[in-house]
Amino acid sequence: MHIDIDVTRHMWSKEETPILTALIEMVTRHRLSLHVPGHKQGRLFPAPLATWLGQALKIDLTELPRLDNLHQPEGCIRESATLAASHYGAAKTLFCVNGSSAGVMAAVLGCAANQRILVAGGFHQSLWKGLVLADANPVILPTAFDWDNMEATVPSPEDVAMALQENEDVAAVFVTSPTYTGRIADVRGIAQAAHSYSIPLIVDEAHGAHFGITPELPEHSVQQGADVVIQSVHKMLPGLTQTAWLHLQGHYADYDSVQNALLMLQTSSPSYLLLASLDAAQAWLRLEGKQTVEESLRTMSRYPELAIDPARDAFRKWIPTASLDLSRDIAQALEEVGVWVEYADALGVLLIQSLDVKERDIERWLPVLRHRLSSPGFHHRTAFPRELKALYDTQSERCLVPREAELKRHERVHIRAARGRIAGRSIAPYPPGVPVVHPGQLLSQELISGLLWLASSGYGTVGLASDGTIEVVCE
């Protein structure tokens with residue numbers, strides 16, 4: 001198979017990509033590998049996969065001279081991270097090869113170990129893992145649900161300020177923005193609320209690494225004053241899966257504590273393919289990103305359905321359906337023309353566009369979507385299951401802190417026998433990976449009814465086995 005690559009678009013100087021430059025220079029001198037990894041730059045690599053990876057195998061190297069060390073960056077890795085920091089205006093940027101999940105956990109470990117932390121709004125399951133590792137106790141500010149648009153809302157600065165007034169002993173504030181469906185929080189206002197108590201604001205901005213490229217897009221959280229910002233490079237920027245970075249600024253977060261925590265969660269043998277991808281992504285942001293995004297926004301402006309909403313991410317299209325059947329129907333119709341969506345669940349369908357939007361791409365999926373949304377069946381959708389509604393509305397008692405819930409002995413029981421028991425593991429429809437049940441939470445009848453509905457729907461749910469069993473704390 002031949003793949004065409006327009007190299008003329010990427011004639012960057014060597015200084016713009018320090019890691020990639022060092023790898024290429026190493027490959028030109030490399031004649032025999034007497035070091036790891038064992039595939040020896042592709043010489044001993046399974047052919048079916050080598051066909052796809054091709055030349056990339058040559059730069060899958062280890063910490064050789066002049067290739068620096070992620071655990072003590074002093075050369076090309078530090079230079080590349082500094083360039084990434086310059087784009088965002090951060091005081092320091094740390095590269096993550098274990099995804100945003102590692103960054104989120106490191107932020108909690110570095111800012112709130114053995115302390116209380118205010119968690120404002122919905123969050124990814126990686127936060128809960130960070131709470132367990134840090135032995136931190138969350139003060140959870142409940143998430144309001146917008147039932148008209150079938151999505152969680154974002155916390156307001158006023159809500160955060162009130163929660164801080166009632167919990168003055170918290171060590172940090174944690175918020176997710178944008179949400180998976182694209183809603184954007186007032187990070188600047190929330191940062192001001194946190195700083196009025198001299199504590200840091202941590203923002204899980206996994207889906208917002210592209211923010212701030214142009215004035216038409218929302219400002220990213222570093223611009224808005226957050227102290228620790230975690231972004232998935234691979235989610236929206238041109239980066240390999242598992243790449244992310246963490247930004248630090250201000251004086252409320254302890255940089256060394258966060259960095260040391262991140263190193264605990266990173267492999268001692270980081271993939272140089274991932275590091276090279278991070279390197280190329282920061283160069284793309286600085287050198288090509290703005291023009292590419294501006295062209296995409298101009299293309300999207302020709303379609304009323306893709307009009308920019310300042311409260312949302314312009315590159316996400318959320319279609320609320322309130323029906324798993326209707327969501328699957330839309331996803332199936334798009335699959336028939338070779339288009340796969342991010343996810344389709346009982347709330348709706350999420351489409352995430354490329355930052356390099358082409359008219360031909362939009363014309364491939366938008367007419368299909370228009371047809372499905374205008375069909376009579378869509379307007380006669382069934383009522384949203386009350387059991388699932390209760391799952392999002394119920395705020396049941398939390399009996400154990402995260403570390404305690406994790407370390408206690410667990411057993412598996414069927415959902416029907418779990419009423420009154422304490423959850424032992426997070427239960428999260430995936431995607432989006434946002435828990436509907438947290439470890440240590442009392443399993444009320446409302447939650448049980450919602451979980452039974454999830455089990456019968458066939459939708460993939462982490463923590464809910466195919467036989468209908470879940471983990472609970474042993475009595």
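All values derive from a computational prediction rather than experimental measurement.
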Open item on the list: Tell me every residue that passes ring-ring contact (aromatic ring centres under 6.0 Å, His included) with His30, counting only those two or more places apart in sequence or in another chain.
Closed with: His35

Task: Donor-acceptor contact below 3.5 Å, side chain Ser271 vs main chain Leu274 - done: yes

TODO: Test side-chain hydrogen bond (donor to acceptor under 3.5 Å, both in side chains) on His234 and Gln242 and set out the steps.
DONE: CA-CA 6 Å; His234 73 91; Gln242 208 169 305; over 6 Å; no

- [ ] Check whether any side-chain N or O of Lys317 sits under 3.5 Å from a backbone N or O of Glu305 as a donor-acceptor pair, and report yes or no.
- [x] yes

Task: Contacts of Pro238 that satisfy side chain to side chain contact (heavy atoms under 4.5 Å, CB included) - sequence neighbours left out - done: Trp284

- [ ] With Ser80 as reference, evaluate Thr17, Asp279, Thr93 under the side-chain hydrogen bond (donor to acceptor under 3.5 Å, both in side chains) test and give the passing residue.
- [x] Asp279

- [ ] Verify whether one side chain among Asn260 and Ser257 offers a donor that lies under 3.5 Å from an acceptor in the other.
- [x] no

TODO: Supply the atom-to-atom distance Leu83 CG to Leu278 CG, rounded to the nearest 0.5 angstrom.
DONE: 12.5 Å

Open item on the list: Are more than 12 heavy atoms, taken from residues, nucleotides or ligands other than Lys58, located less than 6.0 Å from that residue's NZ atom?
Closed with: no

TODO: Evaluate the salt bridge (Lys or Arg N to Asp or Glu O under 4.0 Å) criterion for residues Glu359 and Arg298: first the C-alpha distance (whole Å), next the side-chain angles of each, then the deciding distance (0.1 Å), finally the verdict.
DONE: CA-CA 10 Å; Glu359 186 172 347; Arg298 282 194 293 271; over 6 Å; no

Task: Check: His410 side chain, Lys408 main-chain N or O, donor-acceptor pair, under 3.5 Å - done: yes

Open item on the list: For residues 62-72, which residue pairs pass the side chain to side chain donor-acceptor pair (under 3.5 Å) check, not counting sequence neighbours?
Closed with: Gln72-Glu74

- [ ] Indicate yes or no for a side-chain donor-acceptor contact from Trp318 to the backbone of Leu351 under 3.5 Å, with no hydrogens or angles considered.
- [x] no

Task: Qualifying residues under salt bridge (Lys or Arg N to Asp or Glu O under 4.0 Å), relative to Arg188, sequence neighbours excluded - done: Glu219

Task: Any donor-acceptor N/O pair, Thr181 side chain to Glu151 backbone, under 3.5 Å - done: no

Open item on the list: Check whether Ser156 reaches the backbone of Asp159 with its side chain - one donor and one acceptor, N or O, closer than 3.5 Å.
Closed with: yes

Open item on the list: So for atom CD, which belongs to Glu363, do other residues, nucleotides or ligands contribute more than 12 heavy atoms lying within a distance under 6.0 Å?
Closed with: yes

Open item on the list: Between Tyr88 and Gln249, is there a side-chain donor-acceptor contact under 3.5 Å, judged purely by atom types and distance?
Closed with: no

TODO: Before giving the answer on side-chain contact (heavy atoms from CB on, under 4.5 Å), spell out for Phe315 and Leu297 the whole-Å C-alpha distance, their side-chain angles and the decisive distance to 0.1 Å.
DONE: CA-CA 9 Å; Phe315 288 90; Leu297 292 174; 4.0 Å; yes

TODO: Take Leu285 and Ile213 through the side-chain contact (heavy atoms from CB on, under 4.5 Å) test and state the conclusion after the steps.
DONE: CA-CA 8 Å; Leu285 269 174; Ile213 294 180; 3.7 Å; yes

Open item on the list: Once you measure the plane-to-plane angle for Trp128 and Phe123, does it fall in the parallel (<30°), tilted (30-60°) or perpendicular (>60°) bin?
Closed with: parallel

- [ ] Would you kindly say whether Asp204 and His124 are connected by a side-chain donor-acceptor distance under 3.5 Å?
- [x] no

Task: Audit row: Arg29, Glu25, salt bridge (Lys or Arg N to Asp or Glu O under 4.0 Å) steps and yes/no - done: CA-CA 7 Å; Arg29 300 173 58 232; Glu25 290 177 350; over 6 Å; no

Task: His220-Phe211 aromatic ring centre distance below 6.0 Å - done: no

Open item on the list: Between Tyr343 and Tyr430, is the ring centroid distance below 6.0 Å?
Closed with: no

Task: From Leu61 atom CG to Ser33 atom OG, the distance as rounded to the nearest 0.5 Å - done: 7.5 Å

Task: side-chain contact (heavy atoms from CB on, under 4.5 Å) partner of Val104, the single match among Leu127, Leu109, Ile202, Leu265 - done: Leu127

Task: Flag for Glu288-Trp12: side-chain donor and acceptor within less than 3.5 Å - done: yes

- [ ] List for me each residue that meets side chain to side chain contact (heavy atoms under 4.5 Å, CB included) alongside Ala161, sequence neighbours excluded, and say none if there are none.
- [x] Ala193

Open item on the list: Minimum heavy-atom separation for Pro200 and Ala171, please, with both atom names.
Closed with: CD-O, 3.3 Å

- [ ] Measure the CD-OG1 distance between Glu79 and Thr21 for me, rounded to the nearest 0.5 Å.
- [x] 9.5 Å

Open item on the list: Strictly distance-based, threshold 3.5 Å: is any side-chain N or O of Glu295 a donor or acceptor partner for the main-chain N or O of Thr292?
Closed with: no

TODO: Any chance you could lay out the side-chain contact (heavy atoms from CB on, under 4.5 Å) test for Phe174 and Val203, step after step, and finish with the verdict?
DONE: CA-CA 6 Å; Phe174 183 96; Val203 179; over 6 Å; no

With a cut-off of 3.5 Å and sequence neighbours excluded, list every side-chain donor-acceptor pair involving residues 162-170.
unit_1 : atom_1 : unit_2 : atom_2 : d
Asn167 : OD1    : Arg116 : NH2    : 3.3
Asn167 : ND2    : Ala163 : O      : 2.9
Asp169 : OD1    : Arg116 : NH1    : 2.5
Asp169 : OD2    : Arg116 : NH1    : 3.1

- [ ] Step by step, work out the side-chain contact (heavy atoms from CB on, under 4.5 Å) result for Leu407 and Arg403.
- [x] CA-CA 6 Å; Leu407 296 183; Arg403 172 70 71 87; 3.4 Å; yes

Open item on the list: Closer than 3.5 angstrom, by distance alone: can the side chain of Ser296 be matched with the main-chain N or O of Val357 as a donor-acceptor pair?
Closed with: yes

- [ ] Please check if any side-chain donor atom of His195 sits under 3.5 Å from a side-chain acceptor atom of Asp227, or the reverse.
- [x] yes

- [ ] Mind running salt bridge (Lys or Arg N to Asp or Glu O under 4.0 Å) on Arg286 and Glu16 for me, showing each step along the way?
- [x] CA-CA 9 Å; Arg286 294 182 299 103; Glu16 304 290 1; 2.8 Å; yes

Open item on the list: Using the rule given for salt bridge (Lys or Arg N to Asp or Glu O under 4.0 Å), can you reason through Glu406 versus Arg425, listing the C-alpha separation, both sets of side-chain angles and the distance that settles it, and then say yes or no?
Closed with: CA-CA 7 Å; Glu406 179 71 24; Arg425 289 278 182 267; 3.3 Å; yes

Open item on the list: Determine whether Ser327 and Thr321 satisfy the following criterion, side-chain hydrogen bond (donor to acceptor under 3.5 Å, both in side chains), listing intermediate values before the conclusion.
Closed with: CA-CA 6 Å; Ser327 294; Thr321 64; 2.6 Å; yes

Open item on the list: Against Asp313, only a single residue in His210, Arg183, His207 fulfils side-chain contact (heavy atoms from CB on, under 4.5 Å); can you say which?
Closed with: His210

